[in-house]
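Here's the structure we're looking at; comments come further down.
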Amino acid sequence: MAQVIIPLDVPSLDEAMGLVDSLGEATDCYKVGLELFTSAGPAAVQALKERDKRVFLDLKLHDIPNTVARAVGRARDLEVDLLTLHATGGRRMMEAAAEAAGDDLTLLGVTVLTSMTSSDVEDSWGRVVDSLEEEVVRLARLARESGVGGVVASVREAAPIRSALGGDLVVVTPGIRLAGDDAHDQARVSTPAEAVAAGADYLVIGRSITQAPDPAEALRRVYEEMAGASPVGTA
Ligand code: C5P
């Protein structure tokens with residue numbers, strides 16, 4: 001069964017832990033991203049570990065191999081469970097990171113951000129992109145060949161990744177919205193049921209839960225919707 005990861009995209013440790021404590025046992029995995037890590041640092045990871053939560057550190061590393069490998073080593077010291085790096089950082093960067101990660105830290109290669117459209121990608125990469133799906137699968141393959149254990153992609157690319165690369169790669173999908181919710185800055189959005197049907201392992205669901213009037217109730221709706229969906233091939 002796919003699991004939900006809630007991003008703690010808030011400015012302070014107090015607000016982050018307020019949200020975690022209000023959701024109680026409803027989920028056991030939280031994402032510490034750029035905003036919270038910049039404001040609270042490793043204390044955010046430690047506070048989650050003290051509450052027996054799993055930690056997804058979403059720093060989207062992209063630098064020279066030595067620098068990335070050293071940062072991965074420090075995340076490992078913090079007992080982070082999942083850590084992102086950009087697959088576009090290249091094979092040597094990802095191989096160095098994989099060596100530093102060891103067995104307990106799962107690295108996730110970010111393929112193409114869910115906020116980007118084909119024309120955004122063409123603009124950044126300076127070439128025609130006929131199929132965003134093919135680019136995502138290509139980057140996912142590069143990540144896997146480099147020893148990275150999982151990838152981040154939109155729900156639309158989750159099933160193509162699975163069919164091209166098999167079931168052992170961890171697939172994490174952000175860009176999830178409950179029906180009727182605002183997409184905000186995301187471009188490639190899908191519902192929780194679509195994510196489960198596409199075979200995602202983890203659904204990162206932020207504003208649909210954290211900005212709901214009652215986050216615990218929004219999370220309950222997400223679980224209900226997920227329970228009604230079956231992964232491809234099991235229905
Ligand atoms: O609020 P929302 O559900 O859009 O939040 C999505 C979260 O997932 C954000 O914290 C964002 O940084 C993260 N993320 C993403 N796309 C990726 C990787 C991570 O939206 N490719």
Report task. For salt bridge (charged side-chain N to carboxylate O under 4.0 Å, His left out), just list the numbers for Asp201 and Arg162, CA-CA rounded to whole Å, side-chain angles, deciding distance to a tenth of an Å, and then say yes or no. Result -> CA-CA 11 Å; Asp201 296 298; Arg162 283 257 174 266; 2.6 Å; yes

Query raised in the report: Given Glu194 and Arg156, is the salt bridge (charged side-chain N to carboxylate O under 4.0 Å, His left out) satisfied, shown in steps?
Result: CA-CA 9 Å; Glu194 287 166 338; Arg156 297 178 198 183; over 6 Å; no

Requested in this report: Let me see the working for Thr84 and Phe56 under side chain to side chain contact (heavy atoms under 4.5 Å, CB included), right down to the final yes or no.
Outcome: CA-CA 8 Å; Thr84 45; Phe56 172 11; 3.4 Å; yes

**Report entry** side chain to side chain contact (heavy atoms under 4.5 Å, CB included) between Arg141 and Leu165, worked out
**Finding:** CA-CA 7 Å; Arg141 181 175 288 113; Leu165 303 176; 3.8 Å; yes

Report task. Under the side chain to side chain contact (heavy atoms under 4.5 Å, CB included) rule, what do Leu82 and Leu57 come out as? Steps first, then yes or no, please. Result -> CA-CA 6 Å; Leu82 301 155; Leu57 186 59; over 6 Å; no

Report task. Give the C-alpha distance, both sets of side-chain angles, the deciding distance and a yes or no for side chain to side chain contact (heavy atoms under 4.5 Å, CB included) between Val20 and Leu48. Result -> CA-CA 8 Å; Val20 172; Leu48 286 165; 3.8 Å; yes

Query raised in the report: Run the side-chain hydrogen bond (donor to acceptor under 3.5 Å, both in side chains) check on Gln186 and Thr114 step by step: do they pass?
Result: CA-CA 6 Å; Gln186 299 282 19; Thr114 43; 2.8 Å; yes

Query raised in the report: Step by step, would you call Lys53 with Asp28 a salt bridge (charged side-chain N to carboxylate O under 4.0 Å, His left out)?
Result: CA-CA 5 Å; Lys53 302 298 184 188; Asp28 81 334; over 6 Å; no

Report task. Report the C-alpha distance between Arg138 and Glu135 in whole Å, list the side-chain angles of each, state the deciding distance to 0.1 Å, and finish with yes or no for salt bridge (charged side-chain N to carboxylate O under 4.0 Å, His left out). Result -> CA-CA 5 Å; Arg138 183 180 64 75; Glu135 298 293 344; 3.0 Å; yes

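Sparse packing is recorded around CG of Asp103, with 12 or fewer heavy atoms of other residues, nucleotides or ligands lying under 6.0 Å away. The neighbour count for Arg91 CZ, taken as heavy atoms of other residues, nucleotides or ligands under 6.0 Å away, is above 12. Other residues, nucleotides and ligands place no more than 12 heavy atoms under 6.0 Å from the CZ atom of Arg92. The environment of Glu217 atom CD is dense: over 12 non-hydrogen atoms of other residues, nucleotides or ligands sit within 6.0 angstrom. A 6.0 Å sphere centred on CG of Asp104 holds no more than 12 heavy atoms belonging to other residues, nucleotides or ligands. Counting heavy atoms of neighbouring residues, nucleotides and ligands inside a 6.0 Å radius, atom CD of Glu145 exceeds 12 of them.
By the 4.5 Å heavy-atom criterion applied to side chains, Val55 and Val32 are counted as neighbours. At least one side-chain heavy atom of Leu105 sits less than 4.5 Å from a side-chain heavy atom of Val72. Side chains of Arg74 and Asp77 form a contact here, defined as non-hydrogen atoms less than 4.5 Å apart. Using a 4.5 Å heavy-atom threshold, the side chains of Val4 and Leu219 count as touching. Between Leu203 and Met226, some side-chain heavy-atom pair lies under the 4.5 Å cut-off. In this structure, the side chains of Leu108 and Val151 stay at 4.5 Å or more apart for every pair of heavy atoms. Between Pro192 and Leu178, the closest side-chain pair of non-hydrogen atoms falls below 4.5 Å. By the 4.5 Å heavy-atom criterion applied to side chains, Ser190 and Thr173 are not counted as neighbours.
Of the charged side-chain nitrogens involved, none lies within less than 4.0 Å of a carboxylate oxygen, so that Arg221 and Asp214 do not count as a salt-bridged pair.
Formation of a donor-acceptor pair under 3.5 Å by the Thr111 side chain with backbone atoms of Val152 is found in this model. Between the side chain of Asp21 and the backbone N or O of Gly18, no donor-acceptor pair lies under 3.5 Å. Between the Tyr223 side chain and the Ala26 main chain, a donor and an acceptor come within less than 3.5 Å of each other. Judged by distance alone, the side chain of Ser22 and the main-chain N or O of Leu19 form a donor-acceptor pair under 3.5 Å. In this structure, the side chain of Glu122 does not engage the main chain of Val128 through any donor-acceptor pair within 3.5 Å. Side chain of Lys49 to main chain of Glu79: a donor-acceptor pair is present (N/O by atom type, distance under 3.5 Å, no hydrogens or angles). Remark: side-chain polar atoms of Arg188 are paired, donor with acceptor, to backbone N or O of Met116 under 3.5 angstrom. Between the side chain of Glu225 and the backbone N or O of Val222, no donor-acceptor pair lies under 3.5 Å. No donor-acceptor pair closer than 3.5 Å links the side chain of Thr67 to the backbone N or O of Asp63.
Here the straight-line distance linking atom NZ of Lys31 with atom CG of Leu34 works out to 7.0 Å at 0.5 Å rounding. Distance check: Gln3 CD to Thr27 OG1 gives 7.5 Å after rounding to the nearest 0.5 Å. Atoms CG and NZ, from Leu113 and Lys60 in turn, are 6.0 Å apart once rounded to the nearest 0.5 Å. Put simply, CG on Leu78 and CG on Asp81 are 11.0 Å apart, with the number rounded to the nearest 0.5 Å. The structure places CG of Leu107 at 10.5 Å from CZ of Arg76, a figure rounded to the nearest 0.5 Å.
Residues Ala200 and Ala2 come closest through the heavy atom pair O-CB, 3.4 Å. When every heavy atom of Ala229 is checked against every heavy atom of Ala193, the shortest pair comes out as CB-O, 3.6 Å. Across Ile176 and Ala195, no two heavy atoms sit closer than the pair CD1-CB, 3.7 Å.
Cluster membership check: Ile5 shares its hydrophobic cluster with Ile161, using side-chain heavy-atom separations under 4.5 Å among Ile, Leu, Val, Met, Phe, Trp and Tyr.
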